[in-house]
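First up is the structure itself, then whatever we jot down about it.
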Amino acid sequence: MNTWRQRRPGPHRVGRAALVWAVAYAGFGLACVLSGTSLLHIGGDGTGLGPAWAVVAVGMTGALISAAVVRYGMRPALRVPLLSACALTGVMAFSLLMDVITLMAGQGVDSWASTVNKVLAAAGAVLLAATARSDRVTAVPTGTAAPKPSAAPRSVQLAAWAGTLAFLPYAAMKTHWASGGTFAGVTGEEMLAVSERNGASGIFLTLESWGLDPTALLALLGVFLLWGLVRPWGQAFPRWTPFLRGRRVPRGLPLAPALLGAATLAPYGVVGIGYLALVTAGAVTMGRGDFPSEGDALLVAWIGITAFAVYGVALVVAARSYWLRTRPAA
């Protein structure tokens, strides 16, 4: 069988792109330091300039490594430092998806500078990873059909069920509030007032007034994505999709949001569960926020964080299975 080789962009090309990004990222961090802008907000409060200095350090490190790639080519000795820098920038992009969800729900983020930092860090992680793999050559077989649509193994589908069921308490809680009910000592009217105070958009408030919570609707979209990763209709458009039925689903269409969600929700949820466990054990305290007591706030936090954690892990498992099942046959 004849094959042709598809080369990735050369080390010098992607190295230059990574170098430009690293210099810009370090400059962004330095600008935040000089202006006194905090890049990490917990509970709406800034945590000082430490994160901004960390951005400067990560940007300068990325610039030095990328410059070495541009100067000497992609040497094996540079791969580990590149991947390490990629991991660091990935940490900097932590919770980016949560900001995206917040904006999609029509509310404001804690800090636009923090959100911009996460976007830049996510872009840098992609560039550094591409640079680390820029010397690889991928053989793409011709004359072979794409893999036949298939369902994920039973264990992966069980993970998808776990991710789906984990969202039920969260969706029920939010819908109950949107319908005017009371939960954890807070009425639906009070939650609507909190959303309005936090800068929720008119669409968000309108949906709430209709008894439809936008975040619950986003959770429904997340569940749809999860099952698209484990069922055959996630690889070929099903009959109920007009004009597209039978066509192959572009591989990156479900994988891009799945990888972004997995990289954000899984660590966010797992770290959050650890924090809530410490609060429950009395090792640390947690503010009550808009709730009558810390116990009420803790109850709501457990419902939300558990949903994100279980769904995030399920998304990791499902995305990996989809990646393997849709690889071109060698």
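None of these values were measured; they are calculated from a predicted model.
Ring geometry for Phe308 versus Tyr170: interplanar angle of 30 to 60°, hence tilted.
Within the model, atoms CG of Asp213 and CE of Met173 stand 8.5 Å from one another, a figure rounded to the nearest 0.5 Å. Separating the CG atom in Leu127 from the SG atom in Cys86 is a distance of 9.5 Å, to the nearest 0.5 Å. Rounding to the nearest 0.5 angstrom, the gap separating the OG1 atom in Thr131 from the CG atom in Leu83 is 10.0 Å. Between the CG atom of Leu192 and the CD atom of Glu189 there is a distance of 8.0 Å, given to the nearest 0.5 Å. Taken to the nearest 0.5 Å, the CZ atom of Arg327 stands 9.5 Å off from the CH2 atom of Trp323. For the atom pair OG1 (Thr115) and CG (Leu120), the distance works out to 11.0 Å, reported to the nearest 0.5 Å.
Taking both residues in full, the closest heavy atoms of Gly185 and Pro292 are given as O-CG, 3.4 Å, listed atom of the first, atom of the second, then distance. Shown here for Leu315 and Ala262, the closest heavy-atom pair between the two residues is CD2-N, 3.6 Å. The shortest heavy-atom contact between Ile303 and Phe183 is CD1-CZ, 3.7 Å. Between Ala258 and Ala319, the closest heavy-atom pair is CB-CB, 4.1 Å. Nearest heavy-atom pair, Phe28 versus Ala113, reported as atom, atom and distance to 0.1 Å: CZ-O, 3.6 Å. Across every non-hydrogen atom of Ile273 and Ile305, the tightest pair is N-CG2, 3.5 Å.
For the side chain to side chain donor-acceptor pair (under 3.5 Å) condition, no pair includes a residue of residues 85-94, sequence neighbours left out. Residue pairs satisfying the side chain to side chain donor-acceptor pair (under 3.5 Å) criterion with at least one member in residues 272-286, sequence neighbours excluded, are listed as follows: Thr280-Trp302. Residue pairs meeting the side chain to side chain donor-acceptor pair (under 3.5 Å) criterion with at least one partner in residues 229-239, sequence neighbours excluded, are Gln157-Arg231.
The 12-atom threshold is exceeded at CZ of Arg251, counting heavy atoms of other residues, nucleotides or ligands nearer than 6.0 Å.
The hydrophobic cluster containing Leu88 does not contain Val126, counting ILVMFWY residues as joined when their side-chain heavy atoms lie under 4.5 angstrom apart, directly or transitively. Put simply, Leu276 and Val284 are part of the same group of oily side chains (I, L, V, M, F, W, Y) that touch within less than 4.5 Å, one to the next. Under the 4.5 Å side-chain heavy-atom criterion for ILVMFWY residues, a single connected hydrophobic cluster contains both Val230 and Trp161. Hydrophobic clustering, with ILVMFWY side chains joined whenever heavy atoms are under 4.5 angstrom apart, groups Phe224 together with Val317. Connection of Trp227 to Leu253 is established within a shared hydrophobic cluster, with ILVMFWY side chains joined at heavy-atom distances below 4.5 Å, either directly or through further cluster members.
The shortest distance between side-chain heavy atoms of Tyr25 and Asn117 falls below 4.5 Å. The shortest distance between side-chain heavy atoms of Val279 and Glu294 falls below 4.5 Å. Between Val20 and Arg16, the closest side-chain pair of non-hydrogen atoms is not below 4.5 Å. Residues Leu229 and Ser321 are not in side-chain contact: their nearest non-hydrogen atoms beyond the backbone lie 4.5 Å or more apart. In this structure the side chain of Tyr322 reaches within 4.5 angstrom of the side chain of Leu255, judged on heavy atoms. Counting heavy atoms from C-beta outward, Ile65 and Pro81 have side chains that approach closer than 4.5 Å. Between Val270 and Pro267, the closest side-chain pair of non-hydrogen atoms is not below 4.5 Å. Within the 4.5 Å cutoff, no side-chain heavy atoms of Phe167 are placed close to those of Leu220.
Leu19 belongs to a hydrophobic cluster whose remaining members, ordered by chain and number, are Val23; membership requires side-chain heavy atoms of ILVMFWY residues under 4.5 Å apart, directly or through intermediates.
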Can you list the steps and then say if Glu190 with Thr182 is a side-chain contact (heavy atoms from CB on, under 4.5 Å)? CA-CA 9 Å; Glu190 291 172 329; Thr182 300; over 6 Å; no
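Side-chain atoms of Trp177 and Thr187 form no donor-acceptor pair, as typed in the model, at a separation below 3.5 Å. Asp296 and Ser293 form a side-chain donor-acceptor contact under 3.5 Å, judged by distance and modelled atom types alone.
Every residue two or more places apart in sequence or in another chain that forms a side-chain contact (heavy atoms from CB on, under 4.5 Å) with Ala26 is listed here: Met60. Taking the side-chain contact (heavy atoms from CB on, under 4.5 Å) definition, one finds that Val310 meets it with Ala162, Ala166, Thr306, sequence neighbours left out.
Proximity of a side-chain donor or acceptor of Arg288 to a complementary backbone N or O of Phe291 within less than 3.5 Å is detected. Looking at Arg248, its side chain never comes within 3.5 Å of a backbone N or O of Ala236 through a donor-acceptor pair.
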